[in-house]
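Here the structure comes first, spelled out in C-alpha coordinates, and everything after it is commentary.
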Amino acid sequence: MFNRLQWIIIAVSILGLFLFPWFLSPFNLVLLTEILLMGLFALSFNLLFGYTGLLSFGHAAYFATGAYVCGYLVKHSAPLLLGILAGVIAAAVLATGLGYLSVRLDRIYFAMLTLAFGMMVYTIIFQWREVTGGSDGITGIFVTNLGIPGIELKLQGFSAYYYLSLILVVLAIYLLWRITHSPFGELLQASRENAQRLLFVGINVRQLRWIAFILAGGMAGLAGALWSPFQRVANPEIAHWTFSTTPVLMTILGGYHRFAGPLVGATLFIGLEHWLQSNQGYFWQWLAGLPLLPDTLVESQLNLWHLFLGLLLLPLILGFPGGVLASVEKLGKFRFRQRSQSQ
Amino acid sequence: MVNSASDSVLKVSNLTKDFSGIRAVNNVSFELNSGAITAVIGPNGAGKTTLYNLISGHLAPTSGSVKLENKEIVGLTPNLIVQAGIGRSFQITSIFPNLTVAQNIRVAVISLQRKQFDFWTKVQQDRSLNQAVKDILELVGIEALAQNPVNLLSHGDRSLVEIAIILALKPRLILLDEPTAGMSREEAQKIVQLIKQLQQATGCTFLITEHDLEVVFNLAESIIVMHQGQILLQGDCQAVSDSPEVRRVYLGT
(Lines give C-alpha, C1' and ligand atoms only; values in the text may rest on other atoms or scores of the structure.)
Protein backbone atom coordinates (compact mmCIF):
# COMPACT_ATOMS: atom_id res chain seq x y z
CA MET A 1 0.00 0.00 0.00
CA PHE A 2 2.69 2.47 1.05
CA ASN A 3 6.27 2.41 -0.09
CA ARG A 4 9.05 2.59 2.43
CA LEU A 5 9.59 6.34 2.06
CA GLN A 6 5.92 7.05 2.75
CA TRP A 7 5.99 4.86 5.88
CA ILE A 8 9.02 6.73 7.14
CA ILE A 9 7.38 10.11 6.52
CA ILE A 10 4.20 9.03 8.32
CA ALA A 11 6.05 7.50 11.29
CA VAL A 12 8.37 10.49 11.68
CA SER A 13 5.50 12.97 11.45
CA ILE A 14 3.41 11.21 14.08
CA LEU A 15 6.40 10.78 16.39
CA GLY A 16 7.33 14.42 15.83
CA LEU A 17 3.79 15.55 16.56
CA PHE A 18 3.88 13.71 19.88
CA LEU A 19 7.26 15.17 20.83
CA PHE A 20 6.62 18.78 19.78
CA PRO A 21 5.27 20.05 23.14
CA TRP A 22 8.76 19.61 24.59
CA PHE A 23 10.31 21.88 22.00
CA LEU A 24 7.68 24.39 21.02
CA SER A 25 6.60 27.57 22.73
CA PRO A 26 2.95 27.75 23.85
CA PHE A 27 2.24 30.09 20.94
CA ASN A 28 3.56 27.59 18.39
CA LEU A 29 1.67 24.80 20.10
CA VAL A 30 -1.54 26.77 19.65
CA LEU A 31 -0.62 27.21 16.01
CA LEU A 32 -0.05 23.49 15.64
CA THR A 33 -3.40 22.65 17.25
CA GLU A 34 -5.03 25.05 14.83
CA ILE A 35 -3.32 23.32 11.91
CA LEU A 36 -4.49 19.90 13.14
CA LEU A 37 -8.12 20.97 13.50
CA MET A 38 -8.27 22.95 10.26
CA GLY A 39 -6.43 20.08 8.55
CA LEU A 40 -9.15 17.66 9.63
CA PHE A 41 -11.79 20.16 8.49
CA ALA A 42 -10.13 20.39 5.06
CA LEU A 43 -9.74 16.59 4.82
CA SER A 44 -13.43 16.12 5.56
CA PHE A 45 -14.23 18.67 2.85
CA ASN A 46 -12.02 16.81 0.41
CA LEU A 47 -13.93 13.56 0.95
CA LEU A 48 -16.71 15.36 -0.91
CA PHE A 49 -14.61 17.47 -3.26
CA GLY A 50 -11.56 15.45 -4.30
CA TYR A 51 -13.04 11.97 -3.94
CA THR A 52 -16.74 12.39 -4.74
CA GLY A 53 -16.48 15.40 -7.07
CA LEU A 54 -18.98 17.53 -5.13
CA LEU A 55 -17.89 21.09 -4.34
CA SER A 56 -19.54 22.12 -1.08
CA PHE A 57 -19.66 25.83 -0.27
CA GLY A 58 -21.48 25.24 2.98
CA HIS A 59 -19.15 22.95 4.85
CA ALA A 60 -18.76 25.52 7.66
CA ALA A 61 -22.33 24.71 8.76
CA TYR A 62 -21.24 21.30 10.05
CA PHE A 63 -18.04 22.63 11.64
CA ALA A 64 -20.08 25.33 13.39
CA THR A 65 -22.75 22.86 14.51
CA GLY A 66 -20.07 20.72 16.16
CA ALA A 67 -18.46 23.80 17.69
CA TYR A 68 -21.69 25.27 19.08
CA VAL A 69 -23.15 22.03 20.42
CA CYS A 70 -19.89 21.04 22.13
CA GLY A 71 -19.28 24.62 23.32
CA TYR A 72 -22.76 24.93 24.75
CA LEU A 73 -22.54 21.63 26.64
CA VAL A 74 -19.03 22.26 27.97
CA LYS A 75 -20.01 25.74 29.07
CA HIS A 76 -22.83 24.15 31.05
CA SER A 77 -20.25 21.88 32.71
CA ALA A 78 -20.69 18.75 30.64
CA PRO A 79 -17.58 16.57 30.33
CA LEU A 80 -15.53 17.38 27.24
CA LEU A 81 -15.76 13.96 25.57
CA LEU A 82 -19.54 13.99 25.92
CA GLY A 83 -19.62 17.43 24.33
CA ILE A 84 -17.45 16.25 21.44
CA LEU A 85 -19.59 13.17 20.90
CA ALA A 86 -22.77 15.28 20.92
CA GLY A 87 -21.16 17.76 18.52
CA VAL A 88 -20.23 15.03 16.04
CA ILE A 89 -23.69 13.47 16.23
CA ALA A 90 -25.43 16.83 15.84
CA ALA A 91 -23.33 17.67 12.76
CA ALA A 92 -23.96 14.23 11.26
CA VAL A 93 -27.70 14.51 11.88
CA LEU A 94 -27.76 17.94 10.22
CA ALA A 95 -25.76 16.53 7.30
CA THR A 96 -28.25 13.67 7.02
CA GLY A 97 -31.11 16.09 6.54
CA LEU A 98 -29.45 18.75 4.41
CA GLY A 99 -27.39 16.15 2.52
CA TYR A 100 -30.54 14.28 1.51
CA LEU A 101 -31.67 17.41 -0.32
CA SER A 102 -28.24 18.57 -1.52
CA VAL A 103 -27.17 15.36 -3.29
CA ARG A 104 -30.22 15.53 -5.55
CA LEU A 105 -28.14 17.98 -7.59
CA ASP A 106 -24.50 18.05 -8.61
CA ARG A 107 -21.92 20.41 -10.14
CA ILE A 108 -22.58 24.16 -9.69
CA TYR A 109 -26.15 23.47 -8.52
CA PHE A 110 -24.82 21.41 -5.63
CA ALA A 111 -22.38 24.20 -4.74
CA MET A 112 -25.18 26.80 -4.72
CA LEU A 113 -27.53 24.59 -2.73
CA THR A 114 -24.92 23.89 -0.04
CA LEU A 115 -24.11 27.59 0.07
CA ALA A 116 -27.79 28.40 0.64
CA PHE A 117 -28.16 25.78 3.37
CA GLY A 118 -24.96 27.02 4.98
CA MET A 119 -26.30 30.55 5.15
CA MET A 120 -29.54 29.25 6.65
CA VAL A 121 -27.56 27.65 9.44
CA TYR A 122 -25.59 30.88 9.87
CA THR A 123 -28.79 32.89 10.17
CA ILE A 124 -30.21 30.54 12.78
CA ILE A 125 -26.99 30.72 14.81
CA PHE A 126 -26.92 34.51 14.48
CA GLN A 127 -30.55 35.01 15.51
CA TRP A 128 -31.10 32.37 18.19
CA ARG A 129 -29.63 34.58 20.90
CA GLU A 130 -30.90 32.64 23.93
CA VAL A 131 -28.84 29.58 23.02
CA THR A 132 -26.07 30.75 20.72
CA GLY A 133 -25.39 34.20 22.09
CA GLY A 134 -26.16 35.85 18.76
CA SER A 135 -23.36 37.96 17.33
CA ASP A 136 -21.25 37.51 20.49
CA GLY A 137 -21.32 33.73 20.24
CA ILE A 138 -20.76 31.44 23.19
CA THR A 139 -17.87 32.82 25.20
CA GLY A 140 -15.90 31.60 28.15
CA ILE A 141 -15.90 27.92 27.28
CA PHE A 142 -13.66 26.36 29.91
CA VAL A 143 -13.17 22.64 30.09
CA THR A 144 -13.66 21.35 33.61
CA ASN A 145 -13.37 17.61 33.11
CA LEU A 146 -12.61 15.14 30.37
CA GLY A 147 -15.33 12.61 30.98
CA ILE A 148 -13.27 9.51 31.71
CA PRO A 149 -13.40 8.67 35.45
CA GLY A 150 -9.98 8.42 37.00
CA ILE A 151 -8.26 10.54 34.37
CA GLU A 152 -7.85 14.15 35.25
CA LEU A 153 -6.08 16.39 32.83
CA LYS A 154 -5.23 20.00 33.18
CA LEU A 155 -7.12 20.77 30.02
CA GLN A 156 -6.65 24.48 30.51
CA GLY A 157 -3.02 23.92 29.62
CA PHE A 158 -2.14 24.02 25.96
CA SER A 159 -0.20 20.79 25.81
CA ALA A 160 -2.91 18.58 27.33
CA TYR A 161 -5.46 19.93 24.90
CA TYR A 162 -2.97 19.54 22.09
CA TYR A 163 -2.49 15.86 22.92
CA LEU A 164 -6.22 15.26 23.10
CA SER A 165 -6.71 16.93 19.71
CA LEU A 166 -3.76 15.04 18.26
CA ILE A 167 -5.13 11.65 19.32
CA LEU A 168 -8.65 12.33 18.07
CA VAL A 169 -7.47 13.92 14.82
CA VAL A 170 -5.03 11.09 14.06
CA LEU A 171 -7.83 8.57 14.69
CA ALA A 172 -10.19 10.52 12.43
CA ILE A 173 -7.57 10.78 9.69
CA TYR A 174 -6.94 7.04 9.91
CA LEU A 175 -10.69 6.44 9.61
CA LEU A 176 -10.88 8.73 6.57
CA TRP A 177 -7.88 6.99 5.04
CA ARG A 178 -9.51 3.58 5.42
CA ILE A 179 -12.78 4.87 3.98
CA THR A 180 -11.13 6.41 0.92
CA HIS A 181 -9.18 3.20 0.25
CA SER A 182 -12.16 0.87 0.74
CA PRO A 183 -14.55 -0.45 -1.94
CA PHE A 184 -16.90 2.37 -0.91
CA GLY A 185 -14.10 4.89 -1.48
CA GLU A 186 -13.36 3.48 -4.91
CA LEU A 187 -17.03 3.88 -5.84
CA LEU A 188 -16.88 7.51 -4.65
CA GLN A 189 -14.05 8.14 -7.11
CA ALA A 190 -15.98 6.36 -9.83
CA SER A 191 -18.99 8.60 -9.16
CA ARG A 192 -16.71 11.64 -9.52
CA GLU A 193 -15.46 10.31 -12.86
CA ASN A 194 -18.78 9.29 -14.40
CA ALA A 195 -21.93 9.18 -12.29
CA GLN A 196 -24.15 7.89 -15.10
CA ARG A 197 -21.88 4.95 -15.83
CA LEU A 198 -21.85 4.12 -12.13
CA LEU A 199 -25.65 4.10 -12.09
CA PHE A 200 -25.55 1.66 -15.02
CA VAL A 201 -23.10 -0.50 -13.11
CA GLY A 202 -25.86 -1.05 -10.58
CA ILE A 203 -24.98 1.48 -7.89
CA ASN A 204 -27.46 3.87 -6.30
CA VAL A 205 -25.34 6.98 -6.85
CA ARG A 206 -27.53 9.33 -4.86
CA GLN A 207 -27.38 7.08 -1.80
CA LEU A 208 -23.61 6.79 -2.21
CA ARG A 209 -23.21 10.58 -2.29
CA TRP A 210 -25.57 10.97 0.64
CA ILE A 211 -23.45 8.67 2.82
CA ALA A 212 -20.30 10.55 1.78
CA PHE A 213 -22.03 13.81 2.72
CA ILE A 214 -22.97 12.48 6.17
CA LEU A 215 -19.43 11.19 6.80
CA ALA A 216 -17.91 14.50 5.70
CA GLY A 217 -20.38 16.44 7.87
CA GLY A 218 -19.64 14.29 10.91
CA MET A 219 -15.87 14.72 10.46
CA ALA A 220 -16.26 18.49 10.07
CA GLY A 221 -18.37 18.36 13.24
CA LEU A 222 -15.50 16.66 15.08
CA ALA A 223 -13.07 19.37 13.96
CA GLY A 224 -15.56 22.02 15.13
CA ALA A 225 -16.28 20.29 18.44
CA LEU A 226 -12.56 20.35 19.21
CA TRP A 227 -12.31 23.95 17.99
CA SER A 228 -14.61 25.81 20.39
CA PRO A 229 -13.13 24.55 23.71
CA PHE A 230 -9.69 25.22 22.17
CA GLN A 231 -10.57 28.81 21.24
CA ARG A 232 -12.80 29.08 24.34
CA VAL A 233 -15.36 30.73 22.12
CA ALA A 234 -17.83 29.72 19.41
CA ASN A 235 -18.56 32.77 17.28
CA PRO A 236 -20.93 33.04 14.32
CA GLU A 237 -18.06 33.74 11.88
CA ILE A 238 -17.28 30.02 11.81
CA ALA A 239 -20.74 29.40 10.32
CA HIS A 240 -20.44 32.09 7.66
CA TRP A 241 -19.93 31.10 4.05
CA THR A 242 -16.59 32.88 3.97
CA PHE A 243 -15.38 30.33 6.49
CA SER A 244 -16.54 27.58 4.10
CA THR A 245 -14.02 28.88 1.57
CA THR A 246 -11.11 28.17 3.95
CA PRO A 247 -11.08 24.39 3.41
CA VAL A 248 -11.63 25.00 -0.32
CA LEU A 249 -8.48 27.14 -0.48
CA MET A 250 -6.46 24.80 1.72
CA THR A 251 -7.45 21.80 -0.37
CA ILE A 252 -6.67 23.43 -3.70
CA LEU A 253 -3.40 24.77 -2.31
CA GLY A 254 -2.27 21.34 -1.06
CA GLY A 255 -3.80 19.33 -3.88
CA TYR A 256 -7.14 17.56 -3.99
CA HIS A 257 -5.90 14.51 -5.88
CA ARG A 258 -3.84 13.36 -2.91
CA PHE A 259 -5.17 12.13 0.40
CA ALA A 260 -2.72 14.28 2.38
CA GLY A 261 -3.13 17.32 0.12
CA PRO A 262 -5.57 19.20 2.41
CA LEU A 263 -3.23 18.65 5.39
CA VAL A 264 -0.32 20.15 3.49
CA GLY A 265 -2.58 22.99 2.37
CA ALA A 266 -3.79 23.68 5.91
CA THR A 267 -0.21 23.79 7.18
CA LEU A 268 0.90 26.20 4.46
CA PHE A 269 -2.19 28.37 4.77
CA ILE A 270 -2.11 28.79 8.53
CA GLY A 271 1.66 29.13 8.56
CA LEU A 272 1.52 31.92 5.99
CA GLU A 273 -1.39 33.58 7.74
CA HIS A 274 0.42 33.85 11.06
CA TRP A 275 3.72 34.79 9.52
CA LEU A 276 2.00 37.64 7.66
CA GLN A 277 0.05 38.80 10.68
CA SER A 278 3.20 39.19 12.70
CA ASN A 279 5.38 40.57 9.92
CA GLN A 280 3.10 42.82 7.96
CA GLY A 281 5.20 45.83 8.94
CA TYR A 282 7.86 44.75 6.44
CA PHE A 283 5.30 44.56 3.69
CA TRP A 284 4.10 48.05 4.46
CA GLN A 285 7.66 49.35 4.25
CA TRP A 286 8.05 47.64 0.93
CA LEU A 287 4.71 49.00 -0.29
CA ALA A 288 5.65 52.52 0.76
CA GLY A 289 8.43 52.37 -1.85
CA LEU A 290 5.94 51.79 -4.67
CA PRO A 291 5.16 55.02 -6.55
CA LEU A 292 1.48 54.62 -7.38
CA LEU A 293 0.14 53.83 -3.93
CA PRO A 294 -1.77 56.67 -2.24
CA ASP A 295 0.16 57.91 0.78
CA THR A 296 -2.90 57.89 2.98
CA LEU A 297 -3.30 54.14 2.53
CA VAL A 298 0.33 53.44 3.34
CA GLU A 299 0.30 55.75 6.34
CA SER A 300 -2.85 54.18 7.73
CA GLN A 301 -1.04 50.80 7.93
CA LEU A 302 -4.39 49.08 7.89
CA ASN A 303 -4.71 45.54 9.00
CA LEU A 304 -4.53 44.34 5.44
CA TRP A 305 -2.64 41.09 5.87
CA HIS A 306 -5.43 39.36 3.92
CA LEU A 307 -4.33 41.34 0.90
CA PHE A 308 -0.79 40.02 1.25
CA LEU A 309 -2.07 36.52 1.86
CA GLY A 310 -3.96 36.71 -1.43
CA LEU A 311 -0.88 38.00 -3.21
CA LEU A 312 1.15 35.08 -1.86
CA LEU A 313 -1.50 32.44 -2.54
CA LEU A 314 -1.89 33.48 -6.15
CA PRO A 315 1.56 32.34 -7.35
CA LEU A 316 1.35 29.25 -5.13
CA ILE A 317 -1.89 28.12 -6.73
CA LEU A 318 -0.91 29.14 -10.27
CA GLY A 319 2.62 27.80 -9.92
CA PHE A 320 1.68 24.39 -8.55
CA PRO A 321 -1.15 23.09 -10.71
CA GLY A 322 -2.73 20.12 -8.98
CA GLY A 323 -1.48 21.37 -5.63
CA VAL A 324 1.81 21.75 -3.83
CA LEU A 325 1.96 18.12 -2.70
CA ALA A 326 1.44 16.69 -6.20
CA SER A 327 4.09 19.04 -7.61
CA VAL A 328 6.61 18.11 -4.94
CA GLU A 329 5.96 14.42 -5.57
CA LYS A 330 6.41 14.91 -9.30
CA LEU A 331 9.65 16.79 -8.72
CA GLY A 332 10.86 13.99 -6.46
CA LYS A 333 10.05 11.33 -9.06
CA PHE A 334 11.73 13.40 -11.77
CA ARG A 335 14.91 13.73 -9.73
CA PHE A 336 14.84 10.04 -8.94
CA ARG A 337 14.47 9.13 -12.60
CA GLN A 338 17.29 11.44 -13.60
CA ARG A 339 19.54 9.90 -11.01
CA SER A 340 18.74 6.32 -12.00
CA GLN A 341 19.28 7.18 -15.67
CA SER A 342 22.67 8.74 -15.08
CA GLN A 343 23.89 5.69 -13.20
CA MET B 1 -37.92 -18.80 -35.49
CA VAL B 2 -38.50 -21.13 -32.60
CA ASN B 3 -39.93 -19.50 -29.54
CA SER B 4 -40.39 -21.61 -26.48
CA ALA B 5 -41.42 -19.70 -23.39
CA SER B 6 -38.73 -21.17 -21.15
CA ASP B 7 -35.95 -20.09 -23.52
CA SER B 8 -36.98 -16.44 -23.61
CA VAL B 9 -34.66 -14.10 -21.70
CA LEU B 10 -36.31 -10.82 -22.58
CA LYS B 11 -39.91 -10.28 -23.53
CA VAL B 12 -40.90 -6.83 -24.74
CA SER B 13 -44.63 -6.29 -25.24
CA ASN B 14 -46.42 -3.32 -26.82
CA LEU B 15 -43.71 -0.92 -25.74
CA THR B 16 -44.49 2.72 -26.61
CA LYS B 17 -42.72 5.99 -25.83
CA ASP B 18 -44.01 9.47 -26.64
CA PHE B 19 -41.83 12.58 -26.54
CA SER B 20 -44.27 15.49 -26.41
CA GLY B 21 -46.30 14.33 -29.38
CA ILE B 22 -43.59 12.40 -31.22
CA ARG B 23 -43.93 8.66 -30.94
CA ALA B 24 -40.30 7.53 -30.82
CA VAL B 25 -41.12 3.90 -30.09
CA ASN B 26 -44.49 2.63 -31.27
CA ASN B 27 -46.05 -0.58 -30.01
CA VAL B 28 -42.89 -2.64 -30.21
CA SER B 29 -43.01 -6.33 -29.23
CA PHE B 30 -40.29 -8.98 -29.51
CA GLU B 31 -38.60 -11.75 -27.58
CA LEU B 32 -34.95 -12.60 -27.22
CA ASN B 33 -33.87 -16.21 -26.96
CA SER B 34 -31.31 -17.26 -24.42
CA GLY B 35 -27.75 -17.15 -25.69
CA ALA B 36 -28.56 -15.58 -29.07
CA ILE B 37 -27.06 -12.49 -30.66
CA THR B 38 -29.79 -10.24 -32.03
CA ALA B 39 -29.19 -7.01 -33.91
CA VAL B 40 -31.48 -4.00 -34.11
CA ILE B 41 -30.99 -2.02 -37.30
CA GLY B 42 -32.75 0.93 -38.86
CA PRO B 43 -32.03 4.40 -40.18
CA ASN B 44 -31.17 7.28 -37.86
CA GLY B 45 -34.16 8.24 -35.75
CA ALA B 46 -35.77 4.83 -36.07
CA GLY B 47 -35.96 4.57 -32.27
CA LYS B 48 -33.12 2.13 -31.56
CA THR B 49 -31.44 4.11 -28.81
CA THR B 50 -34.80 5.05 -27.28
CA LEU B 51 -35.65 1.35 -27.20
CA TYR B 52 -32.37 0.72 -25.33
CA ASN B 53 -33.08 3.52 -22.91
CA LEU B 54 -36.52 2.06 -22.20
CA ILE B 55 -35.18 -1.43 -21.54
CA SER B 56 -32.32 -0.23 -19.32
CA GLY B 57 -34.54 2.09 -17.28
CA HIS B 58 -32.95 5.33 -18.51
CA LEU B 59 -36.41 6.38 -19.73
CA ALA B 60 -39.85 5.35 -18.51
CA PRO B 61 -42.14 4.00 -21.25
CA THR B 62 -45.50 5.62 -21.97
CA SER B 63 -47.02 2.15 -22.03
CA GLY B 64 -46.09 -1.49 -22.46
CA SER B 65 -44.05 -4.00 -20.55
CA VAL B 66 -40.52 -5.41 -20.45
CA LYS B 67 -39.96 -8.74 -18.76
CA LEU B 68 -36.57 -10.17 -17.91
CA GLU B 69 -37.04 -13.90 -17.35
CA ASN B 70 -40.73 -13.35 -16.64
CA LYS B 71 -40.03 -10.57 -14.14
CA GLU B 72 -41.46 -7.15 -14.96
CA ILE B 73 -38.69 -4.53 -14.96
CA VAL B 74 -40.60 -1.46 -16.13
CA GLY B 75 -40.60 1.04 -13.27
CA LEU B 76 -37.33 -0.16 -11.73
CA THR B 77 -34.48 2.36 -11.43
CA PRO B 78 -31.46 1.76 -13.72
CA ASN B 79 -29.27 0.42 -10.92
CA LEU B 80 -31.90 -2.17 -9.98
CA ILE B 81 -32.28 -3.22 -13.60
CA VAL B 82 -28.52 -3.80 -13.72
CA GLN B 83 -28.78 -5.86 -10.56
CA ALA B 84 -31.61 -7.85 -12.17
CA GLY B 85 -29.20 -8.85 -14.95
CA ILE B 86 -29.08 -6.34 -17.82
CA GLY B 87 -25.79 -4.61 -18.64
CA ARG B 88 -25.53 -1.93 -21.31
CA SER B 89 -23.01 0.15 -23.20
CA PHE B 90 -23.50 3.66 -24.52
CA GLN B 91 -23.12 5.04 -28.02
CA ILE B 92 -20.39 7.34 -26.73
CA THR B 93 -17.99 5.15 -24.79
CA SER B 94 -18.76 5.53 -21.11
CA ILE B 95 -16.01 4.69 -18.65
CA PHE B 96 -14.26 6.19 -15.60
CA PRO B 97 -11.53 8.26 -17.31
CA ASN B 98 -9.01 8.96 -14.54
CA LEU B 99 -9.09 5.46 -13.06
CA THR B 100 -6.96 2.59 -14.31
CA VAL B 101 -8.34 -0.24 -16.44
CA ALA B 102 -8.24 -2.56 -13.42
CA GLN B 103 -10.06 0.01 -11.26
CA ASN B 104 -12.72 0.48 -13.94
CA ILE B 105 -13.47 -3.22 -13.86
CA ARG B 106 -13.17 -3.39 -10.07
CA VAL B 107 -15.93 -0.80 -9.71
CA ALA B 108 -18.27 -3.18 -11.52
CA VAL B 109 -17.10 -6.15 -9.44
CA ILE B 110 -17.72 -4.20 -6.21
CA SER B 111 -21.27 -3.67 -7.43
CA LEU B 112 -21.72 -7.34 -8.35
CA GLN B 113 -20.33 -8.57 -5.02
CA ARG B 114 -22.51 -6.02 -3.20
CA LYS B 115 -19.55 -4.46 -1.41
CA GLN B 116 -20.66 -0.85 -1.84
CA PHE B 117 -21.10 -0.47 1.91
CA ASP B 118 -17.71 -1.90 2.79
CA PHE B 119 -15.95 1.09 4.37
CA TRP B 120 -13.03 -0.79 5.86
CA THR B 121 -11.40 -3.44 3.65
CA LYS B 122 -8.39 -2.23 1.72
CA VAL B 123 -9.60 -2.50 -1.81
CA GLN B 124 -6.21 -3.50 -3.21
CA GLN B 125 -5.95 -6.38 -0.79
CA ASP B 126 -9.43 -7.83 -1.29
CA ARG B 127 -8.73 -11.23 -2.88
CA SER B 128 -12.15 -12.07 -4.24
CA LEU B 129 -12.47 -8.62 -5.84
CA ASN B 130 -9.10 -8.71 -7.50
CA GLN B 131 -9.41 -12.32 -8.63
CA ALA B 132 -12.67 -11.44 -10.38
CA VAL B 133 -10.98 -8.43 -12.00
CA LYS B 134 -8.15 -10.64 -13.22
CA ASP B 135 -10.59 -13.14 -14.71
CA ILE B 136 -12.37 -10.42 -16.66
CA LEU B 137 -9.09 -8.88 -17.87
CA GLU B 138 -8.09 -12.30 -19.22
CA LEU B 139 -11.49 -12.99 -20.74
CA VAL B 140 -11.36 -9.76 -22.76
CA GLY B 141 -7.61 -10.07 -23.35
CA ILE B 142 -6.51 -6.73 -21.87
CA GLU B 143 -4.28 -7.92 -18.99
CA ALA B 144 -1.40 -5.88 -20.40
CA LEU B 145 -3.40 -2.65 -20.00
CA ALA B 146 -4.49 -3.29 -16.41
CA GLN B 147 -2.51 -0.47 -14.77
CA ASN B 148 -3.04 2.16 -17.50
CA PRO B 149 -5.39 5.06 -16.87
CA VAL B 150 -8.21 4.63 -19.37
CA ASN B 151 -8.08 8.23 -20.61
CA LEU B 152 -4.72 7.39 -22.21
CA LEU B 153 -6.08 4.43 -24.20
CA SER B 154 -7.04 4.37 -27.87
CA HIS B 155 -10.70 4.46 -28.83
CA GLY B 156 -10.70 0.76 -29.64
CA ASP B 157 -9.16 -0.20 -26.30
CA ARG B 158 -11.64 1.98 -24.43
CA SER B 159 -14.47 0.06 -26.07
CA LEU B 160 -12.85 -3.14 -24.82
CA VAL B 161 -12.77 -1.67 -21.30
CA GLU B 162 -16.43 -0.78 -21.57
CA ILE B 163 -17.29 -4.33 -22.63
CA ALA B 164 -15.14 -5.63 -19.75
CA ILE B 165 -17.08 -3.45 -17.28
CA ILE B 166 -20.35 -4.90 -18.54
CA LEU B 167 -19.05 -8.48 -18.40
CA ALA B 168 -17.84 -7.95 -14.84
CA LEU B 169 -21.49 -7.44 -13.84
CA LYS B 170 -22.21 -11.05 -14.98
CA PRO B 171 -25.42 -10.01 -16.75
CA ARG B 172 -27.76 -12.39 -18.51
CA LEU B 173 -28.52 -9.86 -21.20
CA ILE B 174 -26.03 -7.40 -22.70
CA LEU B 175 -27.19 -4.39 -24.69
CA LEU B 176 -24.48 -2.92 -26.91
CA ASP B 177 -25.18 0.42 -28.58
CA GLU B 178 -23.08 0.75 -31.76
CA PRO B 179 -20.08 -1.19 -30.45
CA THR B 180 -17.99 -0.52 -33.57
CA ALA B 181 -18.90 3.15 -34.10
CA GLY B 182 -15.94 5.29 -35.12
CA MET B 183 -13.59 2.33 -35.42
CA SER B 184 -11.23 1.29 -38.18
CA ARG B 185 -12.06 -1.89 -40.06
CA GLU B 186 -9.47 -3.89 -38.11
CA GLU B 187 -10.69 -2.62 -34.76
CA ALA B 188 -14.28 -3.41 -35.73
CA GLN B 189 -13.27 -6.92 -36.79
CA LYS B 190 -11.59 -7.40 -33.42
CA ILE B 191 -14.78 -6.38 -31.60
CA VAL B 192 -16.88 -8.72 -33.74
CA GLN B 193 -14.57 -11.64 -32.96
CA LEU B 194 -14.61 -10.73 -29.28
CA ILE B 195 -18.39 -10.62 -29.08
CA LYS B 196 -18.66 -14.05 -30.77
CA GLN B 197 -16.04 -15.41 -28.42
CA LEU B 198 -17.77 -13.95 -25.35
CA GLN B 199 -21.09 -15.40 -26.43
CA GLN B 200 -19.46 -18.83 -26.56
CA ALA B 201 -17.63 -18.38 -23.27
CA THR B 202 -20.38 -16.83 -21.15
CA GLY B 203 -23.64 -17.92 -22.77
CA CYS B 204 -24.90 -14.35 -22.46
CA THR B 205 -27.68 -13.04 -24.64
CA PHE B 206 -26.70 -10.05 -26.76
CA LEU B 207 -28.78 -7.28 -28.25
CA ILE B 208 -26.76 -5.03 -30.54
CA THR B 209 -27.53 -1.91 -32.56
CA GLU B 210 -25.23 -1.37 -35.47
CA HIS B 211 -24.94 0.83 -38.54
CA ASP B 212 -22.41 -1.31 -40.36
CA LEU B 213 -24.47 -4.00 -42.11
CA GLU B 214 -21.38 -6.09 -42.74
CA VAL B 215 -20.87 -6.35 -38.99
CA VAL B 216 -24.54 -7.15 -38.50
CA PHE B 217 -24.64 -9.99 -41.04
CA ASN B 218 -21.38 -11.32 -39.68
CA LEU B 219 -22.56 -11.39 -36.09
CA ALA B 220 -26.29 -11.62 -35.64
CA GLU B 221 -28.40 -14.75 -35.76
CA SER B 222 -31.56 -12.71 -35.82
CA ILE B 223 -32.27 -9.16 -36.93
CA ILE B 224 -34.95 -6.68 -35.94
CA VAL B 225 -35.48 -3.88 -38.47
CA MET B 226 -36.97 -0.70 -37.03
CA HIS B 227 -38.44 2.17 -38.95
CA GLN B 228 -40.16 5.25 -37.53
CA GLY B 229 -40.49 3.66 -34.13
CA GLN B 230 -42.04 0.44 -35.32
CA ILE B 231 -40.71 -3.01 -36.06
CA LEU B 232 -40.75 -3.42 -39.81
CA LEU B 233 -39.46 -6.93 -39.91
CA GLN B 234 -37.87 -9.53 -37.68
CA GLY B 235 -36.01 -12.51 -39.12
CA ASP B 236 -32.66 -14.04 -39.97
CA CYS B 237 -30.06 -12.39 -42.18
CA GLN B 238 -31.39 -13.96 -45.37
CA ALA B 239 -34.94 -12.77 -44.74
CA VAL B 240 -33.74 -9.24 -44.04
CA SER B 241 -31.46 -8.92 -47.04
CA ASP B 242 -34.14 -10.39 -49.33
CA SER B 243 -36.92 -8.10 -48.15
CA PRO B 244 -37.74 -5.36 -50.69
CA GLU B 245 -39.33 -3.24 -47.94
CA VAL B 246 -36.12 -3.20 -45.88
CA ARG B 247 -34.14 -2.24 -48.97
CA ARG B 248 -36.52 0.62 -49.60
CA VAL B 249 -36.41 2.21 -46.08
CA TYR B 250 -32.93 1.28 -45.00
CA LEU B 251 -30.72 0.98 -47.99
CA GLY B 252 -32.59 3.64 -49.93
CA THR B 253 -32.71 1.57 -53.15
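Chain A is the first sequence line, chain B the second, and so forth, proteins listed ahead of strands; every chain is numbered from 1.
In terms of heavy-atom pairs under 4.5 angstrom with chain B, the leader among A:Leu187, A:Thr180, A:Leu175 is A:Leu187. The most heavy-atom pairs under 4.5 Å with chain B, out of A:Leu198, A:Ile211, A:Leu199, come from A:Leu199. Contact tally against chain B (heavy-atom pairs below 4.5 Å) for A:Gln207, A:Arg192, A:Gln189: the top residue is A:Gln207. Contact count versus chain A (heavy atoms, under 4.5 Å) is highest, among B:Val109, B:Ile95, B:Ile81, for B:Ile95. For chain A, the option among B:Ala168, B:Pro97, B:Pro171, B:Ala84 with the highest count of heavy-atom pairs below 4.5 Å is B:Pro97.
Ion pairing of B:Lys48 with B:Asp177 is absent here, as no side-chain N (NZ or NE/NH1/NH2) approaches a carboxylate O to less than 4.0 Å. A salt bridge links B:Glu162 with A:Arg197: at least one charged nitrogen is closer than 4.0 Å to a carboxylate oxygen.
Between the side chains of B:Asp135 and B:Gln131, at least one donor N or O sits under 3.5 Å from an acceptor N or O. Under 3.5 Å, the side chains of A:Gln196 and B:Ser94 contain no donor-acceptor pair of N or O atoms.
When heavy atoms are compared at a cutoff of 4.5 Å, B:Gln113 does not approach chain A at all. There is no contact between A:Leu188 and chain B, counting heavy-atom distances below 4.5 Å.
In this structure, A:Tyr256 and A:Phe49 have tilted ring planes: the angle between them lies in the 30° to 60° band. Ring geometry for A:Phe63 against A:Phe41 counts as tilted: the plane angle lies between 30° and 60°, on a 0 to 90° scale.
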